[in-house]
Trainee: 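Have a look at this one before I ask anything.
Quick note: residue numbers are just sequence positions, from 1. Numbering of ligands and ligand atoms starts at 1, following listing order.
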Amino acid sequence: MTESWAGQTPAVVLRGVAKSYDGRRDAITAMTLEVGQGEFAVLLGPSGSGKSTILRAIAGIERIDTGSIEIFGRQVAGPRLHVAPEDRGVSMVFQDYALWPHMTVLDNVAFALKRAKLGSHERKEKAAEMLSRVGLGGKEIRYPAELSGGEQQRVALARALVGHCGLVLFDEPLSNLDADLRERLRLEIATLTRESNASVIYITHDQAEAFALADKIGVLSAGRLVQMGTPEEIYQQPVDSFIARFTGLAGEFSGRVRARLASDLVEVEVPAASAVLHARAVGPLRSGDTVSLAMRPFALGICDADERSIEARVLDVAYRGRGYEHALSIGGSVISSVFCAERHPRGSRVFVSVDPAGCLAFSRGEELAMTATPDSSVDGADDDVIAFDLTEYAL
Ligand code: ADP
């Protein structure tokens, strides 16, 4: 998909953007990123990682301290330059909908067209058409307070897209909705923004949402962009253990590299599992290095015993439609999300196969360096580092 964007002016370019609220600690640091026209980019990170700050800086709600921001080739923020939000040609969808309470739904949407050279009748016609596209036909003369949360967010979506605005910013728009509605609205956001050919920057702390929506994901930690890539790149080639953990592991082991087998394949001794496993090396690794072995759920299966399988005991098993999800104990560590078509009862002994493609070896030295970084102490930066399993979408 990236090819079709090549050669076009990007929708948004940030170069070396930094912003501090208290003059001491940067909320975002040296932020450089590019979003192509028509691209759906998701910025994903735990709470406090700087997502809202970036979005507000692009919208013009926050002034940046250093660096520059361009929108469709026009500089809107930079040294001694701050274009006002209303002059940036950007629309935004907020978590709390931000509708005008005293205006009808129709007027809320038509209001977004006030700068268009259209008569009042034409504005209302376009607004009504957009409302019917988001499934709110017939509710035009209601007030926001007379709508459910999901309906209000649809109005906000209609308002953001009605002006055929080039760039739409989404600030965690689904956070206030319940799970079922979130899923439906997520699909609508995905289809409607693409039909409108909008360029999108969408922020969220929810990994599932990011993977479901994005053409490109940028993962943030403590005010820095750690990795930007397609969902496949982020999941299959995380650049460090933070990204691997944040995007979903079944479990982890400590180990020691016994040998380097190929450019990115290492043999690792894992005493806790009484096993020697093959793993993908992330970064340079040498024999004798201590590593964390991070295992993606897809890499694990329950198999017959063989020389590479690991013995495990079943702690828990749950039926998940497409199969059974097992939580296992291996040498005292808990490994979750091990899928199998067959049910293995609690307490039974099983053997686990590990596919090296989803078994990632990170140097422990690199991790210790990361935890020693002053930025990692940013408030709440690690709050949301939780196990997350993309396999739930294969149910
Ligand atoms: P996220 O959206 O990822 O939760 P934010 O951009 O809101 O992150 O916050 C990044 C950092 O900036 C955090 O440490 C947060 O406490 C701080 N911060 C955000 N807004 C303000 C503000 N208005 N005043 C002071 N500090 C702020």
Trainee: Do the numbers put Arg322 on top of the ring of Phe339, so that NZ or CZ is under 6.0 Å from the six-membered ring centre and no more than 45° off the axis?
Mentor: yes
Trainee: Can you find an N or O of Gly50 that's nearer than 3.5 Å to an N or O of ligand 1?
Mentor: yes
Trainee: Need the ligand 1 atom indices (1-based, order shown) with element for anything under 4.0 Å from a heavy-atom of Ser49.
Mentor: 1 (P), 3 (O), 8 (O)
Trainee: If the threshold is 4.0 Å, N to carboxylate O, is there a salt bridge linking Asp171 and Lys51?
Mentor: no
Trainee: What closest approach, in Å, do Leu118 and Arg123 show between heavy atoms, and which atom pair accounts for it?
Mentor: O-NH1, 3.2 Å
Trainee: Please say whether Ala27 places an N or O atom under 3.5 Å from an N or O atom belonging to ligand 1.
Mentor: no
Trainee: So, Arg154 side chain and Val134 main chain: donor-acceptor pair closer than 3.5 Å or not?
Mentor: yes
Trainee: Centre-to-centre under 6.0 Å for Phe40 and Tyr202, is that the case here?
Mentor: yes
Trainee: By number and element, which atoms of ligand 1 are closer than 4.0 Å to a non-hydrogen atom of Ser47?
Mentor: 4 (O)
Trainee: Would you mind telling me if ligand 1 is within reach of the side chain of Arg56, the backbone, both or neither, using heavy atoms under 4.0 Å?
Mentor: side chain
Trainee: Check contact between Gly45 and ligand 1, using heavy atoms of the residue and a distance below 4.0 angstrom.
Mentor: no
Trainee: With distance as the sole criterion, is a donor-acceptor pair present between the side chains of Arg364 and Ser254 under 3.5 Å?
Mentor: yes
Trainee: What atoms in ligand 1 come closer than 4.0 Å to a heavy atom of Lys51?
Mentor: 1 (P), 2 (O), 3 (O), 4 (O), 6 (O), 8 (O)
Trainee: Measuring from non-hydrogen atoms of Pro46 to any atom of ligand 1, is the shortest distance under 4.0 Å?
Mentor: yes
